[in-house]
Amino acid sequence: MTMVQQQLPPTRYHIDRPEALVLYRDMVLGRTFEDTCAQMYYRGKMFGFVHLYNGQEAVSTGVIKAMRPDDYVTSTYRDHVHALSKGVPARSVMAELFGKATGCSKGRGGSMHLFSAEHNLLGGFAFVAEGIPIATGAGFTAVYKGTDQVSACFFGDGATNNGQFFECLNMAALWNLPVLYVVENNLWSIGMYHHRASSVIEIYKKADAFGIPGVRVDGMDVLAVRAVAKEAIERARAGGGPTLIECTTYRFRGHSLADPDELRDPAEKEFWRKQDPIPRLAAFVREQELASAEELKAIDQEIRAEIDDAVLFAEESPEPPIDELYRFQFAEDA
Ligand SMILES: Cc1ncc(C[n+]2csc(CCOP(=O)(O)OP(=O)(O)O)c2C)c(N)n1
């Protein structure tokens with residue numbers, strides 16, 4: 001039985017300029033997309049619940065950018081940024097949120113059901129923990145077909161108290177499946193504090209019950225997440241089986257855009273805001289002279305233009321035609 005514990009490792013990791021800029025760009029893309037989403041939601045451009053990912057970007061970027069494009073990802077209802085990191089174009093994600101036919105789920109899914117077969121994004125899921133069995137199945141498929149693809153699923157601390165988490169970790173350990181179980185421990189499940197809901201608050205320790213590696217990493221440090229993810233991906237690809245990765249993180253906004261966020265202590269929010277992963281990586285990049293402040297600013301501006309273009313695209317796109325209301329319910333309709 002292996003048991004790895006990595007407590008908040010230092011931010012010093014070797015990284016070259018192109019890779020550092022990929023990480024920076026991806027996190028800024030996620031943040032700018034989500035901030036714009038909030039504006040569009042309050043302008044009535046999208047419907048239903050919309051859950052934003054602000055604050056957690058280092059997890060999506062650190063893991064997904066360490067994966068190959070043909071690897072699989074599943075998400076939750078907080079899925080926009082995972083889709084973007086996986087390479088689904090901002091236009092296609094924004095159009096989906098607007099319920100338009102050009103969206104990645106053809107306007108039928110909305111915010112919580114992003115999907116892209118082309119990018120091996122196997123879905124956002126509204127039910128808590130629902131992506132875990134799908135990702136486990138994707139890992140099984142890779143083994144069954146003899147490919148060396150790896151599957152990663154992202155889910156919250158709340159999901160780890162759900163039965164599917166335990167069932168799937170058991171199966172993945174038993175069958176040695178190439179799966180990364182990535183917990184985004186943001187301390188809260190809507191208004192339930194993690195320490196009040198879990199018998200063991202160190203989630204990574206639950207890996208021990210299945211005899212698989214469990215790792216805790218600073219989820220506000222993209223380089224630390226990337227280092228842990230790389231190791232787990234290599235192990236999975238080489239037939240070494242699953243890893244449970246607990247990323248300690250925080251959501252900067254309410255649970256959804258309908259949540260006034262009145263339960264969490266302002267001091268707690270302030271503590272985590274100071275660890276914002278984006279300025280943290282920017283400071284590292286400048287300190288290491290990988291890029292100048294002007295170069296980073298130019299990236300920010302490029303992303304701003306990309307998101308503005310995505311909004312325009314979504315606004316101008318057609319609604320799905322009413323006579324296609326029942327289309328795409330079954331795979332053969334696609
Ligand atoms: C099976 C199920 N039970 C309850 C809910 C209602 N619900 C939606 S989000 C949520 C909290 C989940 O928190 P967590 O897994 O920590 O993820 P986070 O929202 O913090 O990313 C709950 C209970 C649901 N969607 N599905």
Side-chain angles (χ1 to χ4, degrees), residues 27 30-31 33-34 37-38 41 47-64 73-85 109-114 121 123-136 152-169 180-206 216-220 225 244-265 268-269 271-273 275 277:
M27 288 203 292
R31 178 71 57 89
F33 187 96
E34 295 294 63
C37 244
Y41 178 86
F47 313 96
F49 290 109
V50 174
H51 310 80
L52 300 188
Y53 195 72
N54 297 51
Q56 303 184 194
E57 295 87 354
V59 181
S60 177
T61 299
V63 175
I64 298 177
V73 164
T74 71
S75 179
T76 65
Y77 39 84
R78 206 177 295 289
D79 57 350
H80 313 164
V81 175
H82 298 129
L84 295 169
S85 293
S111 167
M112 296 192 257
H113 301 286
L114 302 178
L121 174 75
F125 294 89
F127 288 123
V128 169
E130 199 64 41
I132 304 178
I134 306 295
T136 306
C153 49
F154 297 85
F155 48 94
D157 42 282
T160 66
N161 298 321
N162 182 301
Q164 299 186 76
F165 170 77
F166 299 95
E167 294 169 46
C168 290
L169 261 70
L180 271 61
Y181 295 97
V182 184
V183 187
E184 303 183 319
N185 183 2
N186 61 18
L187 291 173
W188 291 88
S189 304
I190 311 183
M192 171 57 75
Y193 190 52
H194 172 59
H195 294 218
R196 289 182 59 208
S198 183
S199 56
V200 174
I201 56 170
E202 298 96 345
I203 297 168
Y204 72 96
K205 287 186 179 170
K206 293 185 177 177
R216 175 184 268 184
V217 65
D218 179 357
M220 305 302 267
V225 175
L244 175 63
I245 302 174
E246 177 185 1
C247 303
T248 51
T249 183
Y250 203 70
R251 61 171 159 73
F252 289 168
R253 289 177 176 268
H255 171 73
S256 75
L257 286 172
D259 173 14
D261 194 19
E262 287 165 344
L263 291 174
R264 299 184 304 169
D265 186 344
E268 180 184 282
K269 292 186 211 178
F271 170 83
W272 286 94
R273 273 209 173 270
Q275 303 187 45

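Both ligands and their constituent atoms are indexed starting at 1 by order of listing. Computed from a predicted model, the values in this text were never measured in an experiment.
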Can you pull out the closest protein heavy atom to [atom]? Residue, atom name and distance to 0.1 Å, please.
atom	value
atom 11 (C) of ligand 1	I190 CG1, 3.6 Å
atom 21 (O) of ligand 1	R78 NE, 3.0 Å
atom 25 (N) of ligand 1	A126 O, 3.0 Å
atom 8 (C) of ligand 1	V128 CG2, 3.9 Å
atom 16 (O) of ligand 1	G158 N, 2.8 Å
atom 18 (P) of ligand 1	Y77 OH, 3.4 Å

*Keeping the roles fixed (side chain from T248, backbone from N186), state whether a donor-acceptor pair exists under 3.5 Å.*
no

*Look at the side chain of D157 and the backbone N and O of H194, then say whether any donor-acceptor pair between them is shorter than 3.5 Å.*
no

Heteroatom proximity flag, [X] to ligand 1, N/O under 3.5 Å:
X	result
N162	no
A159	yes
Q56	no
R251	no

*Fit a plane to each ring of Y53 and H82, take the angle between them on a 0 to 90° scale, and name the class: parallel (under 30°), tilted (30 to 60°) or perpendicular (over 60°).*
perpendicular

Distance under 4.0 Å to a non-hydrogen atom of [X]: what atoms of ligand 1 satisfy this?
X	answer
N186	18 (P), 20 (O), 21 (O)
W188	16 (O), 20 (O)
H255	9 (S), 19 (O)

Consider only side-chain N and O atoms of [X] and [Y], and report whether a donor and an acceptor are under 3.5 Å apart.
X	Y	result
N185	E246	yes
S111	H51	no
R264	H255	no
Q275	Y250	no

*asked:* Could you check whether any heavy atom of F155 sits closer than 4.0 Å to an atom of ligand 1, since that is the contact criterion I want to use?
replied: no

*What distance separates F165 CZ from T160 OG1, expressed to the nearest 0.5 Å?*
5.5 Å

*asked:* If I take atom CD from residue Q164 and atom CZ from residue F127, how far apart are they, to the nearest 0.5 angstrom?
replied: 10.0 Å

*asked:* Atom CZ of residue position F49 - does it have more than 12 heavy atoms of other residues, nucleotides or ligands inside 6.0 Å?
replied: no

_Protein heavy atoms near atom 6 (C) of ligand 1, is at least one of them under 4.0 angstrom away?_
no

